[in-house]
Amino acid sequence: LSLAAGLIVGALAQWTRLCMVGGIRDLVLFREWKLLMGFLAILVSALVSNLVLTAVNAGSFFTLGLEGQPVAHTDGLWNFLGMLLTGFGCVLLGGCPLRQLVLSGEGNTDSAITVLGLAIGAAFAHNFGLASCAGCGAKVGAGTLSRLLEGFETRYDPRLIVGYDKSDDACVYLVSDDTALIETTDFFPPIVDDPFLYGQIAAANALSDVYAMGGEPKLALNLLCVAEAMGDDAVREILRGGYSKVYEAGAGIAGGHTIQGAEPLYGLAVTGFVSPQRVLTNSAAKPGDVLILTKPLGIGILTTAAKADLVETPTLERIYGQMAALNKTARDIMVNFPVHSCTDVTGFSLLGHSYEMAQGSGCSIHILTGQVPYHPEAYELAEMGFIPAGAYRNRAHVQEGVHAPEAVPLALQDILYDPQTSGGLLIALPEEAAPALLRALQDALPRAELVGYATEKGEYPLYLEP
């Protein structure tokens with residue numbers, strides 16, 4: 001009965017969100033009157049569950065922090081179990097994602113137990129498949145990484161041109177006067193159901209770090225975690241997808257490592273080469289440079305909404321093709337221009353990676369939000385609240401360094417914080433060289449756009465301009 005109630009409430013919540021009248025997401029951001037809609041979605045779900053429990057178990061209503069008769073402690077377990085099933089039903093229909101659940105902090109003990117049941121039910125539903133999170137949205141937040149690595153003793157080597165202390169895309173080691181070695185690795189859980197396509201996307205994403213440094217990949221090693229539920233055919237297809245992209249890149253796979261685990265993971269450790277004089281880092285932008293982005297944003301939002309079957313097939317095919325596309329073309333074009341700095345836009349979002357570029361370069365970066373390319377469907381879905389957890393982590397890490405005027409819509413800001421999987425290159429170069437590079441890029445990559453510019457360091461590392 002609780003599960004049935006949850007399905008009904010979940011359907012109502014989904015309908016509410018589709019009608020653009022607000023959602024539980026607004027509880028996170030505390031946005032005006034819409035907060036009430038999110039609160040009511042949780043409250044109605046809780047009350048329906050307890051109505052069922054009252055009929056079955058003669059229990060009492062709980063109040064979720066409102067005034068009234070609190071639940072007896074002996075009924076806490078029943079509330080927990082009932083809300084777990086209700087939460088599971090809600091999430092099955094996209095009504096109540098765990099990451100968007102926020103408490104008022106005023107509930108009694110049994111209110112907390114009951115809502116915890118909803119949270120666990122939601123978590124169970126979201127983990128019902130093989131992977132609990134997808135693509136670069138699974139990345140640990142940049143702020144967390146900084147804290148984890150803080151204070152480590154490192155060995156100084158003058159030949160290490162770029163190390164992890166630079167927050168760059170890969171490390172670079174000087175081999176000789178005319179050769180530098182690029183090393184990088186990347187892997188993540190499935191972002192698509194098709195194992196071959198998953199292998200392609202994961203490989204393209206791992207190879208991208210070498211392209212962002214201005215290099216060419218030469219060797220790769222497979223990194224694969226096989227879940228027990230996976231058949232041999234699926235494993236083979238993942239590997240075949242990775243091999244196809246490495247071959248397209250002009251590199252070769254020379255081995256790898258495979259383990260068993262709770263959920264699938266795939267990626268590559270990649271070795272590439274670059275001239276030491278042509279190494280591109282994310283910390284060399286100069287005041288007066290302009291920034292060009294080679295792929296549109298919105299991947300994280302669209303793949304999140306796809307879990308609720310709210311993205312049409314043509315749109316999915318478009319973003320899948322974009323994620324599987326190598327950044328080789330963009331790299332091959334940009335190395336013919338006087339590029340100062342480059343990074344690929346992946347899990348830390350456009351603003352996260354721009355923030356790292358601004359901090360590393362000692363300048364401020366202005367994002368021309370009206371010129372940033374994104375998939376139009378992502379804007380509509382962002383307004384409905386389909387925001388991946390990684391976007392909230394990115395916002396939490398960066399927002400204090402971002403000047404965002406009210407004229408920049410919240411949905412557009414969400415897109416700028418959206419984690420990308422196998423995203424495009426963000427290229428900084430002198431303004432006078434930018435038009436020629438942009439024309440050359442757009443001949444091959446039509447969605448490439450000029451998205452910002454760098455100035456002397458100001459009060460904020462990042463400025464959003466309407």
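Just the heavy atoms: all of them, side chains too, but no hydrogens, waters or symmetry mates, feed the values below.
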task = Could you give me the CA-CA distance, side-chain angles and deciding distance for L302 and L381, then say whether side chain to side chain contact (heavy atoms under 4.5 Å, CB included) is met?
result = CA-CA 7 Å; L302 288 165; L381 292 164; 3.5 Å; yes
side-chain hydrogen bond (donor to acceptor under 3.5 Å, both in side chains) evaluation trace for E456 with S364 = CA-CA 6 Å; E456 297 289 346; S364 288; over 6 Å; no
ask   = So do the side chains of M357 and S341 get within less than 4.5 Å of each other, counting heavy atoms only?
value = yes
remark   = On a heavy-atom basis, the closest approach of V172 and A180 is CG1-CB, 3.7 Å
request  = Check the side chains of D157 and Y173 for a donor-acceptor pair under 3.5 angstrom, ignoring hydrogens and angles.
outcome  = yes
ask   = Nearest heavy-atom pair of V398 and L351: which atoms, and what distance?
value = CG1-O, 4.1 Å
ask   = So, do E449 and L293 sit near enough that their side-chain heavy atoms are less than 4.5 Å apart?
value = no
key: Minimum-distance pair of heavy atoms, taken over all atoms of P296 and Q322   = O-NE2, 3.0 Å
query = With a 4.5 Å heavy-atom cut-off, do Y463 and V402 have their side chains touching?
reply = no
inquiry  = How long is the straight-line distance from NZ of K286 back to OG of S361, given to the nearest 0.5 Å?
reply    = 8.5 Å
message = Any donor-acceptor pair under 3.5 Å linking the side-chain atoms of Y379 with those of D414?
response = no
request  = State whether the side chain of T179 and the backbone N or O of V175 hold a donor-acceptor pair below 3.5 Å, judged by distance alone.
outcome  = no
task = For residues V192 and I201, determine if any side-chain heavy atom of one lies less than 4.5 Å from a side-chain heavy atom of the other.
result = yes
ask   = Where do E431 and V290 land on the side chain to side chain contact (heavy atoms under 4.5 Å, CB included) test, with the steps shown first?
value = CA-CA 5 Å; E431 182 177 8; V290 297; 4.0 Å; yes
query = Hey, are T343 and N282 close enough side-chain-wise for a donor-acceptor pair under 3.5 Å?
reply = no
task = Heavy atoms only: give me the nearest M323-A204 pair and the separation to one decimal.
result = O-CB, 3.8 Å
task = Tell me, yes or no, whether the heavy-atom count around Q442 atom CD, taken from other residues, nucleotides or ligands under 6.0 Å, exceeds 12.
result = yes
message = Quick check: do S244 and F196 have side-chain heavy atoms less than 4.5 Å from each other?
response = yes
query = Side chains of E465 and Y453: do they bring a donor and an acceptor to under 3.5 Å?
reply = yes
query = Taking D193 for the side chain and Y198 for the main chain, is one N or O donor matched with an acceptor at less than 3.5 Å?
reply = no
message = I want to check something: taking the side chain as every heavy atom from C-beta on, are C225 and Q260 in contact at a cut-off of under 4.5 Å?
response = no
inquiry  = Salt bridge or not between R318 and E377? Use side-chain N to carboxylate O under 4.0 Å.
reply    = yes
Stepwise side-chain hydrogen bond (donor to acceptor under 3.5 Å, both in side chains) check, E183 with T271 = CA-CA 5 Å; E183 293 284 354; T271 299; 3.1 Å; yes
Any donor-acceptor N or O pair under 3.5 Å, side chains T346, D344 = no
CA sep, side-chain torsions, deciding dist, call: H366, T455, side chain to side chain contact (heavy atoms under 4.5 Å, CB included) = CA-CA 8 Å; H366 299 246; T455 63; 3.1 Å; yes
message = Quick check for you: to the nearest 0.5 Å, what is the distance between I367 atom CD1 and L462 atom CG?
response = 6.5 Å
inquiry  = Counting only heavy atoms not in E400 (residues, nucleotides, ligands), do more than 12 fall under 6.0 Å from its CD?
reply    = no
request  = Of all the heavy-atom pairs spanning K245 and L326, show the shortest one and how long it is.
outcome  = O-CD1, 4.0 Å
ask   = Rounded to the nearest 0.5 Å, how far does CG of L441 lie from CD1 of I333?
value = 5.0 Å
note = Of L297, V451, T294, the one forming a side chain to side chain contact (heavy atoms under 4.5 Å, CB included) with P373 is V451
key: Interatomic distance, K295 atom NZ to L426 atom CG [nearest 0.5 angstrom]   = 13.5 Å
Heavy-atom side-chain proximity of E356 to H353 below 4.5 angstrom = yes
Side chain proximity check, V270 to T185, heavy atoms < 4.5 angstrom = no
request  = Step by step, work out the side chain to side chain contact (heavy atoms under 4.5 Å, CB included) result for I387 and Y392.
outcome  = CA-CA 8 Å; I387 311 300; Y392 292 117; 3.8 Å; yes
remark   = Between the CG atom in L197 and the CD1 atom in I238, the distance rounded to the nearest 0.5 Å is 11.0 Å
key: Full working for side-chain hydrogen bond (donor to acceptor under 3.5 Å, both in side chains) between T184 and D209   = CA-CA 7 Å; T184 185; D209 289 336; 2.8 Å; yes
query = Sub-3.5 Å donor-acceptor pair from the side chain of N327 to the main-chain atoms of G424, do we have one?
reply = no
Atom pair CD1/CG of I253 and L239 - distance to nearest 0.5 Å = 7.5 Å
query = Nearest heavy-atom pair of L207 and A249: which atoms, and what distance?
reply = CD1-CB, 4.0 Å
request  = Would you check, one step at a time, whether the test side-chain hydrogen bond (donor to acceptor under 3.5 Å, both in side chains) holds for D194 with Y320?
outcome  = CA-CA 10 Å; D194 183 330; Y320 292 162; over 6 Å; no
Heavy atoms from other residues, nucleotides or ligands near CG of D232 exceed 12 (cutoff 6.0 Å) = no
inquiry  = How about CD on Q371, more than 12 heavy atoms from neighbouring residues, nucleotides or ligands closer than 6.0 Å, or not?
reply    = yes
